[in-house]
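Letters go in sequence order (proteins before strands), and every chain restarts at 1. Atom set for the values below is all heavy atoms of this structure, side chains included, hydrogens, waters and symmetry mates excluded.
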Number of protein chains: 2
Amino acid sequence: MNKKVTASDVAEHVGVSRSAVSRAFTEGASISASKRDEILLAAQQLGYQPNFFARTLSTPAQKARSHLVAILISDFSNPFQSYLFETLSTVLQKHGKQPMLLNVKQAEDLDAALMRLSGYQVDGVIAVMGSLPIESVAQCQKLSLPLVTLGRSDPAGQHPSVQTDNRLAGQLAAHYFIEKGFSRVGFVAGRADGQASTERFQGFIDTLYQHGIDDVARLEAGRYGYSAGYQITQKEQSTLRLLQGVFCASDALAFGLMDCCRQDISLTIPNQLSVVGCDNVPQSDWEGYQLTTVAQPVLEIAEQAYRCLEEVWQGKAEVNMLVRIKPTLVQRKS
Amino acid sequence: MNKKVTASDVAEHVGVSRSAVSRAFTEGASISASKRDEILLAAQQLGYQPNFFARTLSTPAQKARSHLVAILISDFSNPFQSYLFETLSTVLQKHGKQPMLLNVKQAEDLDAALMRLSGYQVDGVIAVMGSLPIESVAQCQKLSLPLVTLGRSDPAGQHPSVQTDNRLAGQLAAHYFIEKGFSRVGFVAGRADGQASTERFQGFIDTLYQHGIDDVARLEAGRYGYSAGYQITQKEQSTLRLLQGVFCASDALAFGLMDCCRQDISLTIPNQLSVVGCDNVPQSDWEGYQLTTVAQPVLEIAEQAYRCLEEVWQGKAEVNMLVRIKPTLVQRKS
DNA sequence: TTGAAAGCGATACCAC
DNA sequence: GTGGTATCGCTTTCAA
């Protein structure tokens, strides 16, 4: 294995000082164009890459940036979290940041894990959905780690958070059913203590109520996943058979529901039941589902999350503590 | 925002030297137990965490470890890549490494991206499936980045790679059909130039041939994804209708195929067609699919990949350049 | 066991 | 525009 190439090596090779090499790599530094080119070329040949750690070290603490951003995620099996993770990583890379991953589920001790992140001098932390228990927010502050949470509001309002307007999501689903002239509709709930599920339900029934529909069947799946959707469908066949439309707290629930209907030949539900999901994960667009769903604009969420971090970095006095993202209805065949 | 706490801060707080603080954090260093405890406690209170970058700097170059490992991935929409990525990150964390992510698709310039990784002093790079074009292997060597590739053999044999025995995968599928007494079987191919697809096909037909079956229908999906599976099924309905069993080059292809069959009422295929996938992604176990599939033992792949890196780090003379993983058949309802 | 001092790789400030 | 030098936070000899 070759030894690592340092600035001194390049300097020696070209016959200049280390300072010159450093300047060659600094935008707008005071150096002649010819010398810069010469140095950059030599660097290329030698395979020299400035050591970011050392750079962070020598740069005045306030301005120092590692360009490392950690993404916290708790559940890859949740397709929406997974999708959001992917999008976040893409957005970070686009902005020249290096994504680091922290799988919270896997971490024995979250506070210790956060501490380790701080040891890597990460510039910020983005916590996907429910990946950061409120207890650990304090740890981030203690370590002065800029934090942005996604999908959960911070009760104390200490850090920015980006959230989809879940009530609006429910409203959109309700309007969709109303326009179709449905009066017998239902809701499949996710986690009982889930903020998203609860808010979506509220928006849903509020709007229905305003249109004279006050009898909404509520099925408790208990979780957001595919299996939960499948199982609640089996269990509540008789209820579902009476409905014209059902709004699911997540796409995964909707997939489970649809598949259960398809599987059981006695359940002729699919022909008469209109299913609406929530999230718009890539799978909703698969030929086999073509799920009508309330889309969380994942790209916008990711971009806004990044913007929040940027504002914190810039030390803006007025950091927006709650960014609300408007969902939209994506109508497909279901 | 609080200033970052340094070793000097802790030293001053406790009334000892920086050296003492450093020793307190070094396993088996020469320091009295009482003093160590005192320092560790103070560190805890102040929220002190050694700066890994600085540590790497001061440690003799050969021994220095950032404990950062980069995972290269090219396509999150591929469920197997995604699954493997998740597993890899889990395994890395378990071994005390910090996963960094590099989405290759997103990277304008891969060589530059690799260079940046080297700037972060990553200890190693794990490239998932086809995420690292052969041209870039050289770049890794130039930057002396330990590299392990997954699922693609290195023609030059310059770096270790972990691969599932794809021929065996095809053999397993064939044996499954043979045991069922099928004689009319087919294969759905993925990418035309895909090593995995090709090898699986070879193993499949070889075994069939040995058992007197030499007429195997081959459907060209062209890609590994769900849509490809769906579309080829639509297109080749008549062919499929004649088959008893079909082996798909990936689970995603199998899902697409199954869904297409379910969708089209005229296609009564599902009742008579036995589908076998390959990969065993989590979705194969969903109630709606229950796909019989040849499992790639993802956890083992990840562990072996890590072990390869470790061997390189330890400077072992005899690094195993090709680790072959044995797949197994997971029988479900399909 | 302990503290002082010399680096690690890079940048910033200072004279020139 | 250029090269020396102090410095960042830490580990590691080296004396004591």
B:Ile31 or B:Leu57, whichever maps to the more 5' nucleotide of DNA chain C:
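It is B:Ile31, whose closest nucleotide lies nearer the 5' terminus.
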Chain B contact limits on DNA chain C, taken 5' to 3' with a cut-off of 4.0 angstrom to heavy atoms
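In short, chain B contacts DNA chain C from C:dT1 to C:dG9.
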Verify whether one side chain among B:Ser118 and A:Gln49 offers a donor that lies under 3.5 Å from an acceptor in the other.
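No.
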Interatomic spacing from CG in B:Leu110 to SG in B:Cys140 - rounded to 0.5 Å:
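It comes to 8.0 Å.
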Measure the CG-CG distance between A:Leu88 and A:Leu72 for me, rounded to the nearest 0.5 Å.
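Answer rounded to 0.5 Å: 11.0 Å.
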Would you list the pairs meeting side chain to side chain donor-acceptor pair (under 3.5 Å) in which at least one residue belongs to residues 94-104 of chain A, sequence neighbours left out?
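Every side chain to side chain donor-acceptor pair (under 3.5 Å) pair that includes a residue of residues 94-104 of chain A, provided the two are not neighbours, is A:His67-A:Lys97, A:Lys94-A:Glu303, A:His95-A:Glu303.
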Going by the rule salt bridge (charged side-chain N to carboxylate O under 4.0 Å, His left out), which residues pair with A:Asp109 if we only count those two or more places apart in sequence or in a different chain?
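With sequence neighbours excluded, A:Asp109 shows a salt bridge (charged side-chain N to carboxylate O under 4.0 Å, His left out) to no residue whatsoever.
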Qualifying residues under salt bridge (charged side-chain N to carboxylate O under 4.0 Å, His left out), relative to A:Arg307, sequence neighbours excluded:
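A:Arg307: salt bridge (charged side-chain N to carboxylate O under 4.0 Å, His left out) contacts with A:Glu311.
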Salt bridge (charged side-chain N to carboxylate O under 4.0 Å, His left out) pairs, two or more places apart, involving [range]:
range	answer
residues 122-140 of chain A	none
residues 10-33 of chain A	none
residues 40-65 of chain A	none

Tell me, which of residues 117-125 of chain A have any heavy atom that sits under 4.0 Å from an atom in DNA chain D?
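Going residue by residue through residues 117-125 of chain A, none turns out to have a heavy atom under 4.0 Å of DNA chain D.
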With the side chain of A:Ser30 defined as its heavy atoms from C-beta on, choose the nearest nucleotide among D:dG9, D:dG1, D:dG3.
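Closest nucleotide to the A:Ser30 side chain: D:dG1.
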For the helix from C:dT1-D:dA16 to C:dC16-D:dG1, how many degrees between its two end axes (five pairs per end), to the nearest 10°?
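Axis-to-axis angle, ends of the helix: 40°.
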Only counting residues at least two apart or in another chain, list the ones meeting side-chain hydrogen bond (donor to acceptor under 3.5 Å, both in side chains) with B:Ser17.
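So B:Ser17 forms no side-chain hydrogen bond (donor to acceptor under 3.5 Å, both in side chains) with any residue.
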If every non-hydrogen atom of B:His13 is compared with every non-hydrogen atom of B:Ala42, which pair is closest and at what distance?
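What the structure gives for the nearest pair is CD2-CB, 4.0 Å.
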Among B:Leu114, B:Leu117, B:Asp111, find the residue that satisfies the side-chain contact (heavy atoms from CB on, under 4.5 Å) test when tested with B:Leu143.
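The single option meeting the side-chain contact (heavy atoms from CB on, under 4.5 Å) with B:Leu143 is B:Leu114.
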Contacts of A:Tyr83 that satisfy ring pair (Phe, Tyr, Trp, His ring centres under 6.0 Å) - sequence neighbours left out:
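Applying ring pair (Phe, Tyr, Trp, His ring centres under 6.0 Å) to A:Tyr83 gives none.
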Would you say A:Lys35 reaches D:dT2's phosphate, i.e. side-chain N/O to OP1/OP2 under 4.0 Å?
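True: A:Lys35 side-chain N/O within range (under 4.0 Å) of D:dT2 OP1/OP2.
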Per-nucleotide protein contact string for nucleotides 10-16 of chain D, where B marks a base within reach and S marks sugar-phosphate only (heavy atoms under 4.0 Å, - for neither):
BBB----
